[in-house]
Amino acid sequence: MAARETQGAAAGGEEDCEGNHSEAGGVSYEGCLLPDLAKECMHRRVLVFIKDCILEPLSLPESPGGTTALEGSPSVPCIFCEEHFPMDEQDKLLKHMIIEHKLVIADVKLVADFQRYILYWRKRFTEQPITDFCSVIRINSTAPLEEQDNYFLLCDVLPEDRLLREELQKQRLKEILEQQQQERNDNNFHGICMFCNEEFLGNRSVLLNHMAREHAFNIGLPDNIVNCNEFLCTLQKKLDNLQCLYCEKTFRDKNTLKDHMRKKQHRRINPKNREYDQFYVINYLELGKSWEEVQLEDDRELLDHQEDDWSDWEERPDSAVCLFCEKQAETIEKLCVHMEDAHEFDLLKIKSELGLNFYQQVKLVNFIRRQIHQCRCYGCHVKFKSKAELRTHMEEAKHTSLLPERKTWDQPEYYFPTYENDTLLCTLSDSESDLTAQEQNGNITIISEDTSKLHALKQSSILNQLLLQEGLKN
């Protein structure tokens, strides 16, 4: 290969550790395939890495006899020696290779499969010298020769390393997609809601949709999530530790945590927490790109191809949900027909008979929503185990139309919606003329005139007195 042809060749130009050119004793790049600009970039990266870590043997003591992995646990060997390190102690292996073997691996976080990456280069380094693949950087170049030291930088500027990283990324993506497909088809899922402790069996989407619909906790579409069980366990562990999932503050008890997440609308995960990236397929699509970068590129493409003609735009109407079941309708008229036919609840009739203005309708809807959500019949105040049992009871006992006294539901607390996305509240009648008429009816009593005695009315009318006073003035 081309690397073999350049073995032992010295790179042109020398620099000291501060990046300044010197006439002698500078940093040399030996046996390097890389262009001068690439060498300079890698040189700066390795200097920053070494400067930040200051990895010297005395500052990083090792246990007697070296580090060995626990029996039966997955481990990664050192590229050069027989030392093994557990998979979850990757940093220790990297420090070991820097201290003992002077090897620095650049951008380790972009390696999709660290174990396969290490095993590949372990084999390659036995076949060819390390200088065929790595840039050799001499540090302490202005010091005496015995105090100078060489470090080797392995990075993706080397074509072979770049291809290896891309291949590992493709293999990882293939495994993730297979795992995702397996979870999508798995109907033996078992999970418990983190907020109401309700148990769910079947497909994972049932639990995720329940938390989104009933508790306004949406972690994304089920088809975009992978390793769902591990994801839910991670979230549950945070809640068990009394930690808010969004702001990640810790509270003294569960009730305080629940009130905080409800009032602050923190029933969502923190998008800046990179711990969650592993559970979303989008983060495995492109090497070295997070979901934010991929989404930003998609938005830019959309703007680039955006057309000025919006004549073909069709807005999808929002659907309102029934007060008693999951039936949806695009208009309040259709929804009212459904509630009257299926549940014997006539919202328009109740509005007319009780003379409800817009705000009273809002409070009534929010009151009914809350009672149904809590599985409590507002007609007899009996609580049931499920909404299905409650619905059956209310329909059989005719309690859907048995509203409690106005003072029960006409309270300020029901100004606030039970569900944040309750479209029904937006479709309620908000007629200013109706509201004004009702306010006038509440303050002024209007008595119609008796037109049967029209002649007597004309004689006693106040208009006669006004006309008489006007004539005297003139």
Side-chain angles (χ1 to χ4, degrees), residues 1 3 42 45-46 49 53 55 60 62-63 65-130 132-135 151-183 226-231 233-234 274-291:
M1 58 181 292
M42 289 187 299
R45 280 194 288 178
V46 73
F49 183 86
C53 295
L55 296 173
L60 291 170
E62 298 182 11
S63 58
T67 307
T68 56
L70 296 176
E71 184 177 358
S73 64
S75 62
V76 184
C78 173
I79 291 179
F80 302 97
C81 65
E82 299 304 319
E83 292 281 356
H84 283 68
F85 295 80
M87 283 287 294
D88 56 355
E89 296 182 2
Q90 174 179 312
D91 290 343
K92 290 186 177 180
L93 172 58
L94 295 174
K95 291 177 182 179
H96 164 79
M97 289 191 295
I98 292 176
I99 296 171
E100 300 296 334
H101 308 289
K102 313 299 182 186
L103 176 68
V104 178
I105 301 177
D107 299 322
V108 178
K109 292 183 179 180
L110 300 184
V111 177
D113 192 323
F114 184 71
Q115 186 179 35
R116 293 179 188 173
Y117 182 84
I118 293 295
L119 291 176
Y120 176 87
W121 284 116
R122 179 183 172 89
K123 180 176 181 297
R124 292 292 286 133
F125 284 173
T126 61
E127 298 171 351
Q128 294 178 230
I130 187 174
D132 282 6
F133 309 106
C134 298
S135 171
Y151 280 84
F152 303 93
L153 177 65
L154 180 63
C155 67
D156 60 357
V157 176
L158 180 70
E160 185 176 355
D161 186 88
R162 178 69 181 180
L163 290 175
L164 173 61
R165 293 180 184 230
E166 291 177 351
E167 186 62 31
L168 293 177
Q169 173 70 15
K170 292 177 183 178
Q171 183 64 28
R172 181 67 181 277
L173 177 60
K174 180 181 177 181
E175 295 172 355
I176 288 296
L177 293 177
E178 290 176 353
Q179 174 67 21
Q180 182 204 32
Q181 187 63 36
Q182 179 182 350
E183 293 181 11
V226 68
N227 296 322
C228 185
N229 281 327
E230 184 181 351
F231 193 8
C233 289
T234 300
R274 297 304 176 198
E275 180 184 3
Y276 302 131
D277 288 354
Q278 60 182 310
F279 303 116
Y280 292 93
V281 177
I282 191 174
N283 293 298
Y284 298 92
L285 297 182
E286 295 189 46
L287 180 63
K289 290 185 179 179
S290 65
W291 64 270

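Along the sequence shown, residues carry numbers from 1.
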Do [X] and [Y] have side-chain heavy atoms sitting under 4.5 Å apart?
| X | Y | value |
| --- | --- | --- |
| Tyr280 | Ile176 | no |
| Asp107 | Cys155 | no |
| Gln179 | Val226 | yes |
| Leu177 | Val281 | yes |
| Phe80 | Ile130 | yes |
| Asp277 | Ile282 | no |
| Ile98 | Tyr151 | yes |

Any chance you could measure [X], atom [atom1], to [Y], atom [atom2], to the nearest 0.5 Å?
| X | Y | atom1 | atom2 | value |
| --- | --- | --- | --- | --- |
| Glu167 | Arg172 | CD | CZ | 14.5 Å |
| Leu163 | Asp161 | CG | CG | 9.0 Å |
| Leu94 | Glu89 | CG | CD | 12.0 Å |
| Lys102 | Phe152 | NZ | CZ | 10.0 Å |
| Leu103 | Ile79 | CG | CD1 | 5.5 Å |

Heavy-atom closest pair, residues [X] and [Y]:
| X | Y | result |
| --- | --- | --- |
| Leu154 | Cys134 | CB-SG, 3.9 Å |
| Met97 | Cys78 | CG-SG, 3.8 Å |
| Arg165 | Ala106 | NH2-O, 2.7 Å |
| Leu168 | Asp113 | CD1-O, 3.7 Å |
| Leu158 | Phe133 | CD2-O, 3.5 Å |

**Stepwise salt bridge (Lys or Arg N to Asp or Glu O under 4.0 Å) test for Lys95 and Asp91** = CA-CA 6 Å; Lys95 291 177 182 179; Asp91 290 343; over 6 Å; no
**Item:** NZ/NE/NH1/NH2 to OD/OE distance under 4.0 Å, Arg116 and Glu175
**Value:** yes
**Item:** Residues Glu166, Lys170: salt bridge by 4.0 Å N-O rule
**Value:** no
Has the side chain of [X] got a donor or acceptor atom that lies under 3.5 Å from a matching backbone atom of [Y]?
| X | Y | value |
| --- | --- | --- |
| His101 | Ile99 | no |
| Tyr284 | Gln278 | yes |
| Asp156 | Arg162 | no |
| Glu183 | Asn227 | yes |
| Gln115 | Ser75 | yes |
| Arg122 | Cys81 | yes |

**Asked** Taking the inter-plane angle between the rings of Trp121 and Phe125 on a 0 to 90° scale, is it parallel (under 30°), tilted (30 to 60°) or perpendicular (over 60°)?
**Response** tilted
**Item:** Parallel, tilted or perpendicular: rings of Phe279 and Phe231 (30°, 60°)
**Value:** parallel
**Item:** Test side-chain contact (heavy atoms from CB on, under 4.5 Å) applied to Glu83 and Glu100, Lys92, His96, the passing residue
**Value:** His96
**Asked** Would Tyr117 and Ile105 count as a side chain to side chain contact (heavy atoms under 4.5 Å, CB included) if you check the C-alpha gap in whole Å, the side-chain angles of each, and the deciding distance to 0.1 Å?
**Response** CA-CA 11 Å; Tyr117 182 84; Ile105 301 177; 3.9 Å; yes
**Request:** Go through the steps to decide whether Val76 and His84 satisfy the test side chain to side chain contact (heavy atoms under 4.5 Å, CB included), and finish with yes or no.
**Result:** CA-CA 5 Å; Val76 184; His84 283 68; over 6 Å; no
